[in-house]
Amino acid sequence: MKKRIANILALPQVGEQLQIAGWVRTRRDASGFSFIEVGDGSCLANIQVIADQTLANYGDEVKKLSAGCSVLITGILQESPAKGQAVELRALEVQVLGWADPESYPLQKKHHSFEFLRNISQMRPRTNALGAVARVRSRLSYGVHTFFQERGFIQVHTPIITTSDCEGAGEMFQVTTPSAAEGGGEFFGRPAGLTVSGQLQAEVYAQALGDVYTFGPTFRAENSNTSRHLAEFWMVEPEMAFCDLPGNMEVAEEMLKYLLRLVLAECREDLALFDRFIAKGLLAKLQQVVEQDFAHITYTEAVEQLLQSNQPFTYPVQWGIDLQSEHERYLTETIYQRPLIVTDYPAAIKPFYMRVSDDGRTVAAMDILVPGIGEIIGGSQREERYDVLLARMLEAGIEPSGYEWYLDLRRYGSVPHSGFGLGFERLVQFVTGMANIREVIPFPRTPGFAPC
RNA sequence: UCCCCGGUAGCUCAGCUGGUAGAGCAGGUGACUGUUAAUCACCCUGUCGGCGGUUCGAAUCCGUCCCGGGGAGCCA
């Protein structure tokens, strides 16, 4: 019976005959037999196969196996007499499915830089670290769905192509066809682009179904070259009707803790790899985040604390400025040393859809900052009052005619509602400790880089 | 996009103030071995990122472009 290595190692049954299919990591020869380490991606660990000279193809094939070859092996699971593994597979048959020329196969049994691996994105998931990232990412993605589904949220597939810009979310990629552009027209009859956020459309469904979420790809045509930005990334955006800012923050904190608890319980082996080689102390840090309450301060308090700190910031602090990276880092990494929720930002620096507070100068916004990453979540209570929303749009120089559909939500049965956006890759970065965001998405797209 | 740093063998890097290149690993061959980043011996490997300039002579100095890294801006 063909089995995944993860399943074999989770519940080893010595004496069982079984079949594995995977890729050779390395081969070591002893007298009369060879050790073949095979991995199949189901887990970090490989299984050690003992292939001896009684195999029909031992001399012709087995002794020529090298890293990257694909094999189908039938054998009997036995206790391993040596240290390093509890069980091993004594091969009865080794079938080579695909060879990998050792002269040109790019992966070696040694450390490779992530920069190098990025240039062979077709091979890099075969490495320990990138394979582990893929498994953790998958588990987190599934966890996002279970978190919301368990709470009765409805998933909404918001459009990838849109004609509405979500203000403050950055530049849009344009979408048209060569023939439409040639004729001076637009395929959709008006300028269209790839979505920068599903929020506005999610609001539509929230005001029909209550609690909804969207989780999909998002695109930003910014010329950003940093370890925290991608031109194509995935975003989790819940939108909740009859929900105010405190309720919004509660869901956000609960969601982050749920997801961390999930991977701490189910991705232990992979996280241990990151803890050991990528970010020392990672497991302790994640555990701490799960156990502590997030710190809460208002923007105004944050400004006061930054002013009192007497730190020589490059950007001087003053009420009304947007908090810079150095400020956010100082708050979450030095003062609080844990996740921090900053609320009630000045209205002037936030988008039109955020709800204006009674003081008239702040909005019901919240950002969650985490050590090492900075902003991981941004959200707000949305402006539900038609007049206020319209005034804010005009103030921001937005032509309301393109947003009649959005204004309709405030004309007909408008309700208080809130939501937030979580940068999924930043979550994966936080959980894995990977320094560069390009390593936590299978095929990163950045300015000048999209090889396949 | 801005600032700083870098680009040398398949990979990771060394190469001082200019004198036309090295190490480890990988790969090949052989030996040895219940091995596990195996060990030992021998062998192979280069448009020194591209273009232009200075110089008798450039991996090394200058200019420029491309690419990467760190930081910043924009944001998630």
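Remember, predicted model here, so these are calculated numbers, not experimental data.
No hydrogens or angles were tested; on distance alone, nothing pairs the side chain of A/E222 with the base of B/G73 as donor and acceptor under 3.5 Å. A donor-acceptor contact under 3.5 angstrom links the side-chain atoms of A/H229 to the base of B/C75. For B/C74, the base has a donor-acceptor partner in the side chain of A/S224 [N/O atoms by modelled type, under 3.5 angstrom].
Looking at heavy-atom distances under 4.0 Å, A/S80 makes contact with a base. Among the heavy atoms of the strands lying under 4.0 Å from A/Q85 is at least one base atom, whether or not backbone atoms are also near. Note on A/R90: a base of the nucleic acid sits closer than 4.0 angstrom, heavy atoms only. If you check every strand for non-hydrogen atoms under 4.0 Å, A/Q429 touches nothing. A/R438 comes within 4.0 angstrom of sugar-phosphate atoms only, judged by non-hydrogen atoms across all strands, and of no base. Residue contacts for A/F116: at a heavy-atom cut-off of 4.0 Å it reaches the sugar-phosphate backbone alone, with no base atom in range. Backbone-only contact: A/Y315 has heavy atoms under 4.0 Å from sugar-phosphate atoms and none from a base. Backbone-only contact: A/I377 has heavy atoms under 4.0 Å from sugar-phosphate atoms and none from a base. In this structure, A/I376 reaches the sugar-phosphate backbone alone: every heavy-atom distance under 4.0 Å involves primed, P, OP1 or OP2 atoms, never a base. Counting any heavy atom pair closer than 4.0 Å across all strands shown, A/S227 reaches sugar-phosphate atoms only and no base atom.
Straight-line distance between the P atoms of B/G6 and B/C61: roughly 10 Å, to the nearest whole Å. Using C1' as the reference atom, B/C44 and B/G30 are 15 Å apart when rounded to the nearest Å. Using C1' as the reference atom, B/C25 and B/C43 are 16 Å apart when rounded to the nearest Å. Look at the C1' atom in both B/G57 and B/A21: the space between them is 16 Å, to the nearest Å. When the P atom is compared between B/G10 and B/U47, the two are found 6 Å apart, to the nearest whole Å. Look at the P atom in both B/C3 and B/C65: the space between them is 11 Å, to the nearest Å.
Proximity of A/N436 to the phosphate of B/G70: a side-chain N or O atom is located under 4.0 Å from OP1 or OP2. Contact check, A/R228 against B/A72: a side-chain N or O comes under 4.0 Å of OP1 or OP2.
Listed by first then second residue, pairs satisfying ring-ring contact (aromatic ring centres under 6.0 Å, His included) with a partner in residues 422-449 of chain A read A/F215-A/F424, not counting sequence neighbours. The side chain to side chain donor-acceptor pair (under 3.5 Å) contacts involving residues 140-149 of chain A comprise A/H145-A/Y213, A/T146-A/Y258, A/Q149-A/Y213, where partners must be two or more places apart or lie in separate chains. Residues in residues 23-69 of chain A take part in these ring-ring contact (aromatic ring centres under 6.0 Å, His included) pairs, two or more places apart or across chains: A/F33-A/F35.
Listed by residue number, the members of residues 5-22 of chain A with any heavy atom below 4.0 angstrom from RNA chain B form an empty set.
Under the Watson-Crick and G-U wobble criteria, each requiring two contacts below 3.5 Å, nucleotide B/U55 is left unpaired. Under the Watson-Crick or G-U wobble criterion, with both distances below 3.5 Å, B/U20 has no partner in any strand shown. The partner of B/C42 is B/G28, by the rule that a Watson-Crick or G-U pair needs both atom distances under 3.5 Å. Within the shown strands, nothing qualifies as a pairing partner of B/G34 under the Watson-Crick or G-U definition with both distances less than 3.5 Å. Nucleotide B/C75 forms a pair with no other nucleotide shown, judged by Watson-Crick or G-U wobble geometry with both contacts under 3.5 Å. Pairing partner, B/G68: B/C5, with both Watson-Crick or wobble hydrogen-bond distances short of 3.5 Å.
Atom CZ of A/R28 sits in a crowded spot, with more than 12 heavy atoms from other residues, nucleotides or ligands closer than 6.0 Å.
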For nucleotides 23-33 of chain B, 5' to 3', base contacts (B), sugar-phosphate-only contacts (S) and non-contacts (-) with protein non-hydrogen atoms under 4.0 Å give -BBSSS----B

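Contact check on A/R220 versus A/E232 returns no salt bridge, with no Lys/Arg side-chain nitrogen under 4.0 Å from an Asp/Glu carboxylate oxygen. Salt bridge absent: A/R392 and A/E383 never bring a charged side-chain N and a carboxylate O closer than 4.0 Å.
Between A/T26 and A/Q48, the residue anchored nearer the 5' end of RNA chain B, judged by the nucleotide with its closest heavy atom, is A/Q48. Comparing A/G421 and A/E439 against RNA chain B, the residue whose closest nucleotide sits nearer the 5' end is A/E439.
For A/H327, the ring-ring contact (aromatic ring centres under 6.0 Å, His included) test picks out A/F313, with sequence neighbours left out.
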